[in-house]
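I have placed the structure first, in the form of structure tokens, so that the comments after it can refer back to it.
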Amino acid sequence: MAAVTEQTLVDVENIVEAALVDAPVNISSVGVWDVERVRRDFPVLSQTVNGKPLVYLDSAASAQVPQVVIDRGSKYLGEEHSNVHRGVHYLSQRATSAYEGSRERVRRFINAREAAECVFVRGCTEGINLVMHGYGRKFIVEGDEIIISAMEHHSNIVPWQMLCEEKGARLRVIPMNDQGELQLDEFEKLLNERTKLVGVIHISNALGTINPVKEIVATAHKHGVPVLVDGAQGAPHLNIDVQDLDCDFYILSGHKLFAPTGSGVVYGKRELLDRMNPFIGGGSMIRSVTFEKTTYAGLPDKFEAGTPAIASQIGLGAAIDYLNGMDRAAALRHEQELLEYATARLNEIEGVTIIGTAGEKASVISFTVQDIHPHDIGTILDAEGIAIRAGHHCAQPVMQRFQIPATARASFAFYNTREEADKLVSAIRRVIEVFK
Ligand code: C6P
């Protein structure tokens, strides 16, 4: 690999700036949410499924991708395809510029201090594992404690359990109430001099709860404990400002943020990332290698061994441009209106129980219908062209807390409509008829 000189970095910075100036902006800010107009940006939404117009209510699993993101990926593959950070040739410089331009877009989107604090990973799961290996394995020892919450996704449970097993550390869990809200007074009691990390989900994928992350961070910091926020569901539904939250790590998945799969980000404060061990070893993450000793590159390269998912990460930058080009406040308001509307209409149906009724919720509705298995609900809805998710949502402890095996889950994005909520409600009524 060619050594990265200061001149190369200056060149890349210049090209990145140029790429940012060219960023496409395709939705004007008008205050009123024109959902039909927005839907036309998402080609996948205009198809029929099982002879019915697709009603896509599974954006919490993977959000759909707008045409501008598809076009940006095609442009890279068709005109710029090449490896990054390696070549002195034209194509490699263009690819590097686009890739680093995407990082700068991420920086602005989450308001990180510097782009180097935004490490590209393939998704939230890989991101949390990066922190577990880089931070956890280096700084957590026998007898230490890690605090997570009762509503974590498996990806913010299992890595810490693996670490606890390896190190002889202990996992502590912030409990939640029957509404699916964290009990913060209990959290405060769990913090002590053995606590080395707090890991908390921003928005629960299984319940929709929006957690008061800023407050959780402030409480943990009073005890000198860093906080990792699982932002897989937070970034699509909230404006994220990592400096305001003051979190130490914020992890997000691109495919939930209208970008391709294989993209994602670990934001980390420089002072922590600098002190952490690399995650995986290989090319691109080194300063020098001899058989006796390897020294590592600076941020973010230290954590980006091997050829990254270039097309996907460039797509993430395009998705961020797309979000920046819209009236995001109106989009988020529209999602909240859908949440309220669909919640009220589902509550009208006898036999429907909504799991997760927190005061602060995002547009994710988990529910059960009598004792009908959610997989049956999902299958019947699919026949109507309605895509929901059914199962434990990789949050089995949430299911255990509510003493249910699974839920049906409808998750709404800014491209969904009231009519789609109505179709969901009618279809649930038909499910009940079928099982009568
Ligand atoms: N939740 C859902 O349907 P990956 O798969 O690595 O991109 O993201 C994992 C993840 C982590 N945290 C939260 C809060 C999540 O919601 C997810 C993914 C999907 O709810 C698939 S299980």
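Both ligands and their constituent atoms are indexed starting at 1 by order of listing. Everything quoted here is computed from the prediction, not taken from an experiment.
- Side-chain atoms of E340 and T343 form no donor-acceptor pair, as typed in the model, at a separation below 3.5 Å.
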Ligand 1 N/O to protein N/O, distances under 3.5 Å:
residue, atom, partner, partner atom, Å
ligand 1, 1 (N), K256, NZ, 2.9
ligand 1, 3 (O), R389, NH1, 2.5
ligand 1, 3 (O), R409, NH1, 3.4
ligand 1, 3 (O), R409, NH2, 2.8
ligand 1, 6 (O), C124, N, 3.4
ligand 1, 6 (O), T125, N, 2.8
ligand 1, 6 (O), T125, OG1, 2.5
ligand 1, 7 (O), S253, OG, 2.6
ligand 1, 7 (O), H255, NE2, 2.7
ligand 1, 12 (N), D230, OD1, 3.2
ligand 1, 12 (N), D230, OD2, 2.6
ligand 1, 16 (O), Q233, NE2, 2.7
ligand 1, 20 (O), N205, ND2, 2.8
ligand 1, 20 (O), R409, NH1, 2.8

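- Ring geometry, Y135 versus F249: the interplanar angle exceeds 60°, so the pair is classed perpendicular (tilted spans 30 to 60°).
- No more than 12 heavy atoms of other residues, nucleotides or ligands sit less than 6.0 Å from atom CD of E142.
- Aromatic ring orientation, W33 versus H334: tilted (interplanar angle from 30° to 60°).
- Using modelled atom types, one finds a donor on one side chain and an acceptor on the other under 3.5 Å when comparing D422 with Y341.
- Side-chain N/O atoms of R39 and S46 include no donor and acceptor closer than 3.5 Å.
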